[in-house]
Amino acid sequence: MEKVVRDVPTMFSEMMILMHINGDLEESRNGNVLTLQEPLTITVKNPKHRVLLDPVRKANPYFHAMEFVWMMSGSQEPDWIQQFNGRFKEYADTNNMVDKPLIHGAYGYRWRNHFGRDQLIAAARMLKEDPTTRRVVLSMWDGSCDLDAQHNDLPCNTHIYFRVVDGKLNMTVCNRSNDVIWGMTGANAVHMTMLQELIATEAGIPIGSYIVFTNNAHVYQDLPNATELLNIRYPILPTDDNYGFYPCVPLISGNEKMADFIEDATYFEAGLISSRSVLKTQWFREVAYPMYWAYMERKDGGDGSHWVKQISDQNWRTACEKWQEWKA
């Protein structure tokens, strides 16, 4: 089964329609699911248009953005990212060499540390040196510790392939089992397209299509609003017209490098962000920094609105404003 969609909000709407019409009910280890009985390939033509606005889904933009920050720090410790998603530690376990809670399948750790090298640095360098290469593969699945292993979290996305087509960098993510609402069209759509943008910019190649191949797409039926989520409706976009997004603040620009982005992410995960002055990239100074403090102020009982107003990427700013409105 194949689908081509315009952007991430359209991906969400189209997948709700597809699951509503073609999903079959079956049992899983986590309860009843609607599932597609054959693999699905879905192509997103504009992956920079990744901010999802939907008053039923109520996607948490703070968590979506900060999870990518956490990933790029290369961490597998849940404490920092737990601030933005209270359930995150449920996926940690102590079945590891250090005997402390870790997210076993953490993507950022797999990308940057698990295999003994930083795969992201190598991938960008390979593409920059030879845009025709077909050997750029990022691995998240490790059969030596994942196959037939008992962990609270195993990588759902297993491999990533890069290929330059018509002068643009396409990225294909292979997925063994995908929760359509929370994963495929939610957190995965954000952090994977951000990774694609980062690699493409570092390699000096325009961003192309984001492609997901999933062996099992499913929706959990036990969600309290599952029926409402699966209703057919058009996506809400950040702009007032029927199509389009505000201009995005690039993840790296000018003389900035991916290494600068990684360093900024490491500062965040280590809690060393009391001042913007330590941050090397515009995106961290003007988007991540005010988003972080807006969320922290909300957790302390404030509304965070003066921080939200400082978010220079209007797509993320609109998402934060809407989320606060929907959560009120």
Subject >> Within-4.5 Å side-chain heavy-atom neighbours: V44 and T193 >> reply: no

**OP:** Let me see the working for L36 and N22 under side chain to side chain contact (heavy atoms under 4.5 Å, CB included), right down to the final yes or no.
**Re:** CA-CA 7 Å; L36 300 180; N22 293 86; 3.9 Å; yes

Original post:
Are H64 and Y62 close enough that their ring centres sit under 6.0 Å apart?
Top reply: no

Subject >> Exercise: do Y107 and N157 side chains pair donor with acceptor under 3.5 Å >> reply: yes

Subject >> Whether over 12 other heavy atoms sit under 6.0 Å from K45 NZ >> reply: no

Original post:
Is the shortest heavy-atom distance from the side chain of R125 to the side chain of K128 under 4.5 Å?
Top reply: no

Subject >> Residues which pass ring pair (Phe, Tyr, Trp, His ring centres under 6.0 Å) with F268, listed by chain and number, not counting sequence neighbours >> reply: F284, Y292

Original post:
Is the closest side-chain heavy-atom distance between N188 and V212 below 4.5 Å?
Top reply: no

Subject >> Nearest atoms (heavy-atom pairs only) where L230 meets H20 >> reply: O-ND1, 3.5 Å

**OP:** To the nearest 0.5 Å, tell me how far H191 NE2 sits from F68 CZ.
**Re:** 9.0 Å

**OP:** For residues R176 and W141, determine if any side-chain heavy atom of one lies less than 4.5 Å from a side-chain heavy atom of the other.
**Re:** yes

**OP:** Mind listing the closest non-hydrogen atom pair of Y295 and Q83 along with its distance?
**Re:** CE2-O, 3.2 Å

Subject >> D93 versus N152, closest heavy-atom pair with distance >> reply: OD2-N, 2.8 Å

Original post:
Hey, does the side chain of Q310 reach the backbone of H306 with a donor-acceptor pair shorter than 3.5 angstrom?
Top reply: yes

Subject >> SB check K3 E14 (cutoff 4.0 Å) >> reply: yes

Original post:
Any donor-acceptor pair under 3.5 Å linking the side chain of Q314 with the backbone of P247?
Top reply: no

**OP:** Say whether M126 and V137 are linked into one hydrophobic cluster, either directly or through other cluster members, by side-chain heavy-atom distances under 4.5 angstrom.
**Re:** no

Original post:
In terms of hydrophobic clusters joined by side-chain contacts under 4.5 Å, are L120 and I207 together?
Top reply: no

Original post:
Checking side chain to side chain contact (heavy atoms under 4.5 Å, CB included) for the pair I121/I262: CA distance, chi angles, key distance, verdict?
Top reply: CA-CA 10 Å; I121 298 294; I262 289 172; 4.2 Å; yes

Subject >> Same apolar cluster (I L V M F W Y, side chains within < 4.5 Å links), W70/W182 >> reply: yes

Subject >> Close side-chain approach of E77 and K100, heavy atoms under 4.5 Å >> reply: yes

Original post:
Got a donor-acceptor contact below 3.5 angstrom from the R112 side chain to the D118 backbone?
Top reply: no

Subject >> Distance-minimising heavy-atom pair for Q282 and S253 >> reply: OE1-OG, 3.5 Å

Original post:
Should C320 and I311 be marked as a side chain to side chain contact (heavy atoms under 4.5 Å, CB included) after you check the CA-CA gap, both sets of side-chain angles, and the distance that decides it?
Top reply: CA-CA 9 Å; C320 292; I311 301 170; 3.9 Å; yes

**OP:** Would you give the length of the straight line joining atom OG1 of T201 to atom CD of E197, rounded to the nearest 0.5 angstrom?
**Re:** 5.0 Å

Original post:
Does M291 share a hydrophobic cluster with I252, counting links as ILVMFWY side-chain heavy atoms below 4.5 Å and allowing steps through other members?
Top reply: yes

**OP:** Quick one: do D146 and H151 satisfy side-chain hydrogen bond (donor to acceptor under 3.5 Å, both in side chains)? Show the steps, please.
**Re:** CA-CA 8 Å; D146 296 331; H151 293 282; 5.8 Å; no

Original post:
Does M192 belong to the same Ile/Leu/Val/Met/Phe/Trp/Tyr cluster as Y161, with side-chain heavy atoms less than 4.5 Å apart forming each link?
Top reply: no

Original post:
Q37 and E26: side-chain donor and acceptor closer than 3.5 Å?
Top reply: yes

**OP:** May I ask you to check whether over 12 heavy atoms, not counting those of E325, lie within 6.0 Å of atom CD?
**Re:** yes

Subject >> Heavy-atom closest contact (R87 atom, Q82 atom, distance) >> reply: C-OE1, 4.2 Å

Original post:
Are the side chain of Q221 and the backbone of V33 linked by a donor-acceptor contact shorter than 3.5 Å?
Top reply: no

**OP:** Calculate, to the nearest 0.5 Å, the distance between atoms CG and CG belonging to L40 and N216 respectively.
**Re:** 10.5 Å

**OP:** Flag the pair K280 and D264 as a salt bridge only when some basic side-chain nitrogen lies within less than 4.0 angstrom of an acidic carboxylate oxygen.
**Re:** no

**OP:** Report the C-alpha distance between H218 and D179 in whole Å, list the side-chain angles of each, state the deciding distance to 0.1 Å, and finish with yes or no for side-chain hydrogen bond (donor to acceptor under 3.5 Å, both in side chains).
**Re:** CA-CA 5 Å; H218 57 268; D179 177 339; 5.2 Å; no

Original post:
Do M184 and N178 pass the side chain to side chain contact (heavy atoms under 4.5 Å, CB included) test, and can you show the C-alpha distance, the side-chain angles, and the key distance before you say yes or no?
Top reply: CA-CA 6 Å; M184 176 193 285; N178 218 335; 3.5 Å; yes

Subject >> D7 side-chain N/O to T10 backbone N/O, donor-acceptor pair under 3.5 Å >> reply: yes

Original post:
Side chains of L279 and Y289: does their closest heavy-atom pair fall under 4.5 Å?
Top reply: yes

**OP:** Working to the nearest 0.5 Å, report the span between CD1 of I273 and OG1 of T266.
**Re:** 12.0 Å

Subject >> Pairing residues for P78 by the side chain to side chain contact (heavy atoms under 4.5 Å, CB included) criterion, not counting sequence neighbours >> reply: F88, K89, A92, I103

**OP:** Measure the shortest side-chain to side-chain distance between R276 and P290 over non-hydrogen atoms and say whether it is less than 4.5 angstrom.
**Re:** yes

Subject >> Pairwise distance CH2(W80) to CD(E269) - rounded to 0.5 angstrom >> reply: 7.5 Å

Original post:
Counting N and O atoms only, with roles assigned by atom type, does the side chain of Y109 sit under 3.5 Å from a partner on the main chain of S73, one being a donor and the other an acceptor?
Top reply: no

**OP:** To the nearest 0.5 angstrom, please state how far the CH2 atom of W307 sits from the CD atom of E297.
**Re:** 8.0 Å

Original post:
Does G74 offer a backbone N or O that forms a donor-acceptor pair with the side chain of N113 under 3.5 Å?
Top reply: yes

**OP:** Please check if the distance between the ring centroids of F63 and F84 is under 6.0 Å.
**Re:** no

Let me check something: any side-chain donor-acceptor pairs from residues 162-171 under 3.5 Å, sequence neighbours excluded? List them with distances.
{"from": "N170", "atom 1": "OD1", "to": "S209", "atom 2": "N", "distance (Å)": "2.8"}

Original post:
Just by distance, do the side chain of D153 and the backbone of G105 share a donor-acceptor pair under 3.5 Å?
Top reply: yes

Subject >> Test item: L53 and T318 side chains (from C-beta on) under 4.5 Å apart, heavy atoms >> reply: yes

Original post:
How close do K58 and W326 get, heavy atom to heavy atom, and via which atoms?
Top reply: NZ-O, 3.9 Å

